[in-house]
Amino acid sequence: MIEARHLRVLRAVAATGSFSAAARELGCTQPAVSQQMKVLEASVGTPLLIRTSREMRLTQAGEVLVRHATGILSGLTAAEEEVAAIAGLRAGRVRLVSFPSGSSTLVPAALAALRAAHPGTRVSLVDAEPPRSVEMLRDGDCDVALAFRYDSVHDDSTGESTGGAAEEWGDLVVRPLLSDRLVGLLPEGHRLAGADTVSIADLADESWIAGCPRCRHQLVDACEKAGFTPRIDFATDDYPAVIGLVGAGLGVAFLPELAMESVLPKAARTVTVEPAVRREIVALTLPDLARVPAVAATLDQLERAAAR
């Protein structure tokens, strides 16, 4: 195998015409230069230099190797400099995928802070709900996935949970960001719209508007634990559409508090729902990617954005 250090020695010998002159240029000893040339010739299986008492010149094979060495070493130097820039966060890219309410709340603050601290790092953003976003991470289509999963129904009066969420991210690096409570969304003319707190069971006879498939499953689970099966008349992944449908008096809904931060409800009122329903919001990446400086910096900024 040809090593870069041997190519550097060969190029120095070819440029200076002797082992001793090459040694002075490289800052090593003449025997060290001679030894490395022997190793290189053994690696390629043919002589590279013709040595006489009066001169030292390249063989045809030596001329070919020196010609290629210039391009190889230049490319290697460029690669080393580019990698050093990425390692030092002077360059690099991160492919981020996030669910919509995370894209409109956590992501902007995190990416603005990342750009201010490391302007050479570029981040691309694509919207996707879990589990699709997690599949994209495992398939190599992104570097960081902002995702969520629902806890079981909690009772804030006891702090106890009626069950646990199945472990689904065991092969990934999980950076917890925040616990996002769901709130009830009611038409402003609803009989319970002025209440501070509403029991899920109080909404048993309502028409419901559901969100993404994972959110829909959690809605059904929470209602069934409260003793009824919700009648879902509408389903949409678009939070403004959910709010619009509720505001038009077409039903009630559960929405994450995070989603409400970026949407102004019209003709609808939010109420605290008991027992509490929460979702755990996390940033996910692969173990090897977690050691990439730009990815690690992105995770740090997402965590800081969630803490504000």
Side-chain angles (χ1 to χ4, degrees), residues 85-151 154 165-183 211-215 218 237-240 254-263 276-308:
I86 293 172
L89 287 174
R90 299 190 306 276
R93 62 156 189 162
V94 178
R95 297 167 299 164
L96 174 64
V97 60
S98 171
F99 54 93
S101 60
S103 297
S104 63
T105 53
L106 299 178
V107 171
L111 297 194
L114 182 67
R115 176 173 292 183
H118 309 292
T121 299
R122 295 288 178 261
V123 181
S124 61
L125 174 64
V126 173
D127 274 344
E129 299 272 1
R132 176 58 189 146
S133 56
V134 182
E135 293 172 0
M136 291 174 66
L137 178 63
R138 290 192 174 111
D139 290 342
D141 295 328
C142 69
D143 305 308
V144 176
L146 201 62
F148 64 86
R149 62 184 172 190
Y150 282 96
D151 296 338
H154 288 73
E167 179 57 51
E168 57 182 315
W169 300 325
D171 59 324
L172 304 174
V173 174
V174 181
R175 182 76 68 93
L177 298 180
L178 57 89
S179 177
D180 188 25
R181 180 169 177 156
L182 270 64
V183 296
C212 70
R214 179 166 288 200
C215 301
Q218 182 60 30
D237 295 350
D238 184 52
Y239 289 132
F254 282 164
L255 281 183
E257 287 183 326
L258 195 66
M260 300 303 299
E261 289 184 17
S262 59
V263 181
V277 181
R278 301 181 186 275
R279 61 177 185 171
E280 177 190 9
I281 296 177
V282 302
L284 305 172
T285 192
L286 297 170
D288 288 340
L289 285 172
R291 297 193 295 269
V292 175
V295 171
T298 302
L299 294 175
D300 290 342
Q301 294 298 347
L302 285 168
E303 188 171 21
R304 292 189 183 101
R308 294 191 182 102

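This one's a predicted model, so the numbers in the text were calculated from it and none came from an experiment.
Leu96 contributes atom CG, which lies 9.0 Å from atom CG of Asp143 (distance to the nearest 0.5 angstrom). Between atom CZ of residue Phe99 and atom CZ of residue Arg279 there is a gap of 4.5 Å, rounded to the nearest 0.5 Å. Distance check, rounded to the nearest 0.5 Å: CD1 of Ile281 to CG of Asp180 gives 4.0 Å. Rounding to the nearest 0.5 Å places CZ of Arg278 at 7.5 Å from CD of Glu257. Note that the CG atom of Leu289 and the CG atom of Leu284 stand 12.0 Å from one another [nearest 0.5 Å]. The line from CG of Leu106 to CZ of Arg304 is 14.5 Å long, rounded to the nearest 0.5 Å.
The side-chain heavy atoms of Asp171 and Pro287, taken from C-beta on, include no pair separated by under 4.5 Å. Between Leu125 and Ser98 the shortest side-chain heavy-atom distance falls below 4.5 Å. Residues Leu302 and Arg175 form no side-chain contact, since every pair of their non-hydrogen atoms from C-beta on lies 4.5 Å or further apart. Residues Phe254 and Cys215 are not in side-chain contact: their nearest non-hydrogen atoms beyond the backbone lie 4.5 Å or more apart.
Annotation for Val173 and Ala290: closest pair CG2-CB, 4.0 Å, computed over non-hydrogen atoms. When all heavy atoms of Ala283 and Val144 are compared, the closest pair comes out as CB-CG1, 4.4 Å. Of all heavy-atom pairs spanning Thr121 and Ala91, the tightest one is OG1-O, 3.9 Å. For Ala116 against Pro119, the heavy-atom pair with the smallest separation is O-CD, 4.1 Å. Contact record, Ala109 with Ala305: CB-CB, 4.1 Å, taken as the closest heavy-atom pair. Scanning both residues, Ala147 and Ser133, for their nearest heavy atoms gives CB-OG, 4.2 Å.
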- Message: Set out, in order, the CA-CA distance, both residues' side-chain angles and the distance that settles side-chain contact (heavy atoms from CB on, under 4.5 Å) for Cys142 and Val126, then state yes or no.
- Response: CA-CA 9 Å; Cys142 69; Val126 173; over 6 Å; no
- Message: Does Leu172 form a side-chain contact (heavy atoms from CB on, under 4.5 Å) with Val134? I'd like the steps, not just the answer.
- Response: CA-CA 9 Å; Leu172 304 174; Val134 182; 3.8 Å; yes
- Task: Apply salt bridge (Lys or Arg N to Asp or Glu O under 4.0 Å) to the pair Glu129 and Arg132, showing each step before the final yes or no.
- Result: CA-CA 6 Å; Glu129 299 272 1; Arg132 176 58 189 146; over 6 Å; no
- Message: Assess the residue pair Leu258 and Phe148 against the criterion (side-chain contact (heavy atoms from CB on, under 4.5 Å)); give the C-alpha distance rounded to whole Å, side-chain angles, the decisive distance to 0.1 Å, and a yes or no.
- Response: CA-CA 12 Å; Leu258 195 66; Phe148 64 86; over 6 Å; no
- Please assess Trp169 against Arg149 for the test side-chain contact (heavy atoms from CB on, under 4.5 Å), listing each intermediate value before the final yes or no. CA-CA 10 Å; Trp169 300 325; Arg149 62 184 172 190; 3.3 Å; yes
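Test Leu114, Val107, Val292 against Thr298 for side chain to side chain contact (heavy atoms under 4.5 Å, CB included) and you get one pass: Leu114. Screening Val282, Val97, Leu177 against Leu146 for a side chain to side chain contact (heavy atoms under 4.5 Å, CB included) leaves a single residue, Leu177.
Glu168 and Arg214 are joined by a salt bridge, as a carboxylate oxygen and a charged side-chain nitrogen come within less than 4.0 angstrom of each other.
Side-chain atoms of Arg90 do not come within 3.5 Å of backbone N or O of Ala87 as any donor-acceptor pair.
Within a 6.0 Å sphere centred on CZ of Arg93, heavy atoms belonging to other residues, nucleotides or ligands number 12 at most.
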